[in-house]
Structure formats: C-alpha cells, structure tokens
There are 2 protein chains.
Amino acid sequence: MGVMSREPQLTSRLGYLFKHAQQVLAEFTTPALAPFGLTGRDLAVLIVLDGLGPASQQEAAHGLGVDRTTMVALLDGLEAKGIVERRPAEEDRRRNVVQLTASGRQTFAAALAASDEAERAFIGTVMDEDRAAEFKERLRALVTQERARDQDPAG
Amino acid sequence: MGVMSREPQLTSRLGYLFKHAQQVLAEFTTPALAPFGLTGRDLAVLIVLDGLGPASQQEAAHGLGVDRTTMVALLDGLEAKGIVERRPAEEDRRRNVVQLTASGRQTFAAALAASDEAERAFIGTVMDEDRAAEFKERLRALVTQERARDQDPAG
DNA sequence: TATTGTTATACTCTATAACTATA
DNA sequence: TATAGTTATAGAGTATAACAATA
C-alpha cells in the first residue's frame with residue numbers, strides 16, 4: 001500500500017519512520033537482488049557465513065541473530081540454489097559445516113555489490129555522502145545506544 | 001535475543017540498522033506504554049483516530065495504512081478497554097463511527113506523553129537535540145525520498 | 001545426559017475471499 | 001450491484017517442544 005494521506009502526527013514518530021524506512025529501502029534492494037535469486041534475508045545469511053568462514057548452523061544462526069530452527073529453512077533454500085553446501089563435521093558428526101560454494105562466492109560478491117548500489121541509490125538522492133555517513137553513524141549509535149562519534153576525522 | 005558478537009559486516013548495513021533501531025526503540029516504548037495497557041500499535045491507531053476525529057473504520061484503516069480487516073481486531077481490543085467506542089453512523093448504517101471515549105482521550109494523552117518521553121530517552125543519550133532533529137529530518141526525507149532540508153532555520 | 005540438526009506445532013501479523021447488512 | 005464491517009482462511013516469519021543421531 002502507498003503512503004498517501006497518512007496522519008501527519010503518525011508519520012513524524014520514530015517507530016513509523018524506522019518501519020517505513022525499512023520498507024522503502026526494500027523497494028530498492030529487493031529488485032536489485034532478484035536477478036541473483038536472493039532475498040535480503042538470504043544476503044544477510046551469506047554476509048554472516050562469509051564473515052565466519054566454515055561454521056556450524058548454530059554459529060551461523062547466532063551470527064544472524066535467529067534461532068537455529070530458523071536457520072534450517074534459510075540454508076535449505078541457499079543449498080538448493082547451489083550457493084552454500086553442508087557436510088557433517090568430521091570431528092563432531094552432530095554438526096554440519098556450512099560454507100559457500102565456489103559459484104556461491106561469485107554470486108554473493110555480485111549480489112553484495114548490487115545491494116550496496118541499491119543502498120546508495122536509496123540514500124543518494126536524499127543527502128550527500130558526508131551527511132549519509134553522519135546519518136549512518138548516528139543510526140549505528142542508536143542501535144548500540146552508544147554516544148555518536150560525529151565529525152571524527154580519523155573515523 | 002541480545003546483539004552480542006553479530007557479524008560486523010552485517011551490522012553496518014542499512015537494512016540491519018533500521019530493523020534493530022526499531023527493536024531497540026521498542027525496548028523503550030513498550031514498557032512505557034504497558035501501564036496504560038497499550039501497545040505501540042494501539043497508540044498508532046489512537047494517533048490516527050485523534051487526527052481524524054470521528055471516522056469510519058475504513059478511514060481509520062487508511063490513515064494507519066492497513067487493510068480494513070486488520071483494523072477490526074485493533075478496534076476490538078481498544079473498545080474492550082473502553083478507550084474507543086463504535087456506533088452505527090446515522091446517515092449510513094453500514095458504517096461505524098469510531099471515536100475516543102472521554103476516558104480514552106485521557107489515557108491517550110498520558111500514553112502519548114509517556115511514549116514521547118521514551119523516544120527522547122532512546123535518542124537523548126546518543127546525541128544532542130540539534131543532531132536528533134537533524135537525524136529525524138533525514139530519516140523523514142529517506143522515507144519520502146525527498147531531498148533533506150537540513151539547517152533550514154525557518155523549519 | 002547434553003548438544004546439533006530437524007520436524008511439528010503454534011503464535012503473530014497481515015492480507016484475500018467470502019459472508020451480512022445495508023445502500 | 002456496490003460498500004462497510006466481519007469472519008474464515010492462508011501466508012510469511014518466527015519461536016518452543018519434541019525427536020533422532022551423536023557426543
């Protein structure tokens with residue numbers, strides 16, 4: 001549904017703004033990822049796996065911040081697409097070692113670049129690069145509830 | 001679940017940041033609204049109703065940006081708490097006129113104030129008021145995909 | 001006994017389709 | 001016929017509980 005004639009008191013509240021920022025961002029990233037057969041959730045899983053290297057499903061789930069039961073279906077989909085592979089860990093056969101396949105790494109790199117470009121398109125028409133960096137830093141600080149470190153030239 | 005040791009590549013992406021900004025904000029607003037028996041969703045409905053004045057359920061649904069079938073249960077809850085009332089519209093008995101009750105208006109005012117204070121607590125330890133206003137303006141601009149009008153002294 | 005992956009189940013949120021009463 | 005509210009149903013997304021294999 002569009003955003004026409006929403007109540008102004010509502011549209012100025014932080015909860016509304018965060019929710020709809022997510023939705024509008026998705027309007028940029030979803031079509032950018034579609035050619036790779038990936039969703040934003042898929043890409044998040046791949047970012048986690050790429051950061052971890054070979055890992056168990058439990059570790060992947062923790063890295064993404066979801067339950068291990070939720071990770072099962074996410075990996076089922078990525079495995080069916082040939083992007084990740086699972087095999088029993090030799091030293092503990094209860095575990096699966098999960099990692100990107102060779103072609104999965106290529107798909108991931110291209111999809112990540114496309115998603116980055118979509119994020120830049122989302123933010124680029126609204127503010128310049130300095131302000132975008134400042135905005136993102138303040139957003140990061142809000143999520144961690146740390147004090148924002150704006151204007152730090154040594155990043 | 002907490003946020004411990006999430007993958008850094010993931011936690012710097014906009015999608016992740018918006019999602020978790022919502023979650024952390026909710027950690028402030030949810031307990032602030034609980035004494036009034038209201039959720040953030042309830043408060044959003046009340047903000048819409050307050051802005052519209054007496055309105056049909058369809059108009060309320062449109063103002064909130066949900067389907068009319070979704071509005072039914074939201075109003076069921078608020079009506080059971082005595083915060084809103086529904087009555088058939090005299091000039092068209094297919095419609096319900098929905099409005100806040102007298103005590104509902106008091107609850108709403110107090111809950112809105114509590115939610116506002118929770119938002120200030122969420123943002124206040126992270127940045128000063130000027131930066132918070134700047135941040136909110138950029139967030140608003142991202143949602144509407146307009147150019148941000150920062151530093152405009154005439155608001 | 002405890003842990004990993006899996007499955008079954010349930011819960012939340014939301015939408016579409018169908019029903020009712022009115023118009 | 002069309003519309004407002006309602007109900008039934010379904011889908012996405014997630015979690016908890018229970019199960020099989022392994023430790």
Side-chain angles (χ1 to χ4, degrees), chain A residues 1-3 6 15-16 18-20 22-23 26-27 29-30 33-34 38-45 48-49 52 54-80 84-99, chain B residues 1-3 6 15-16 18-20 22-23 26 30 33-34 38-45 48-49 52 54-80 84-99:
Chain A
M1 187 180 287
V3 76
R6 202 76 85 250
Y16 175 93
F18 285 140
K19 176 179 177 179
H20 287 260
Q22 255 192 289
Q23 291 180 345
E27 289 169 16
T29 56
T30 299
L33 290 173
L38 296 177
T39 65
R41 200 90 186 111
D42 289 329
L43 186 66
V45 174
V48 168
L49 290 176
L52 290 175
S56 72
Q57 295 188 193
Q58 186 117 254
E59 291 164 337
H62 179 250
L64 186 60
V66 300
D67 194 85
R68 69 191 206 268
T69 61
T70 300
M71 183 56 61
V72 175
L74 291 170
L75 292 177
D76 285 348
L78 290 169
E79 192 176 41
V84 306
E85 58 188 5
R86 295 191 261 208
R87 55 180 171 76
E90 287 168 8
E91 74 288 1
D92 181 350
R93 300 216 312 290
R94 292 173 302 182
R95 293 175 174 243
N96 276 344
V97 174
V98 185
Q99 55 188 343
Chain B
M1 185 180 290
V3 77
R6 202 77 83 251
Y16 175 92
F18 285 139
K19 176 179 177 178
H20 288 260
Q22 255 192 291
Q23 291 180 343
T30 298
L33 290 173
L38 296 177
T39 65
R41 199 91 186 111
D42 289 330
L43 186 66
V45 173
V48 168
L49 290 175
L52 289 175
S56 72
Q57 295 188 194
Q58 187 117 248
E59 291 164 337
H62 180 250
L64 186 61
V66 299
D67 194 85
R68 69 192 209 268
T69 61
T70 301
M71 182 56 61
V72 174
L74 292 169
L75 292 177
D76 284 350
L78 291 169
E79 190 176 41
V84 305
E85 57 188 4
R86 296 191 259 207
R87 55 180 170 75
E90 286 170 8
E91 74 288 1
D92 179 352
R93 301 215 314 288
R94 292 173 303 184
R95 291 174 174 244
N96 277 343
V97 174
V98 185
Q99 55 188 342

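FYI, side chains are in, hydrogens and waters are out, and symmetry mates aren't considered; it's all heavy atoms of this structure. Convention: sequence-line order gives letters A, B, ...; per-chain numbering from 1.
In this structure, B:L64 places its CG atom 13 Å from P of C:dC13, rounding to the nearest Å. Straight-line distance from the CD atom of B:Q23 to the P atom of D:dG13: 15 Å, rounded to whole Å. Residue A:Q22 contributes atom CD, which lies 14 Å from atom C1' of C:dC13 at whole-angstrom precision. Atoms CZ (A:R93) and C1' (C:dT3) sit 15 Å apart, rounded to a whole Å.
Every residue meeting the side chain to side chain contact (heavy atoms under 4.5 Å, CB included) condition with B:T69, not counting sequence neighbours, appears here in chain and number order: B:D67. Here B:T30 pairs with nothing under the side chain to side chain donor-acceptor pair (under 3.5 Å) rule; sequence neighbours left out. A:R94 meets the side chain to side chain donor-acceptor pair (under 3.5 Å) test with A:D92; sequence neighbours excluded. For B:R87, there are no salt bridge (charged side-chain N to carboxylate O under 4.0 Å, His left out) partners at least two apart in sequence or on another chain. Looking at residues two or more places apart in sequence or on another chain, you find a side chain to side chain contact (heavy atoms under 4.5 Å, CB included) between B:R68 and B:Q58, B:A61. Legend: residues meeting salt bridge (charged side-chain N to carboxylate O under 4.0 Å, His left out) with A:D76, ordered by chain and number and at least two apart, are A:R86. Scored by the side chain to side chain contact (heavy atoms under 4.5 Å, CB included) test, B:A89 finds B:E91, B:R95, B:V97 as partners (sequence neighbours excluded).
Position along DNA chain D of the nearest nucleotide to A:E91 versus A:T70 favours A:T70 as the more 5'-ward residue.
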(message) Output one letter per nucleotide in nucleotides 5-12 of chain C: B when a protein non-hydrogen atom lies under 4.0 Å from the base, S when only the sugar-phosphate is that close, - when neither is.
(response) BBB-----
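For the pair A:L38 and A:L33, the tightest heavy-atom approach, listed with the atom from each and the gap, is O-CB, 3.3 Å.
Contact annotation: A:R41 side-chain N/O to D:dT14 OP1/OP2 distance is under 4.0 Å.
Within the helix from C:dT1-D:dA23 to C:dA23-D:dT1, the inter-axis angle between the opening and closing five-pair segments is 30°, rounded to 10°.
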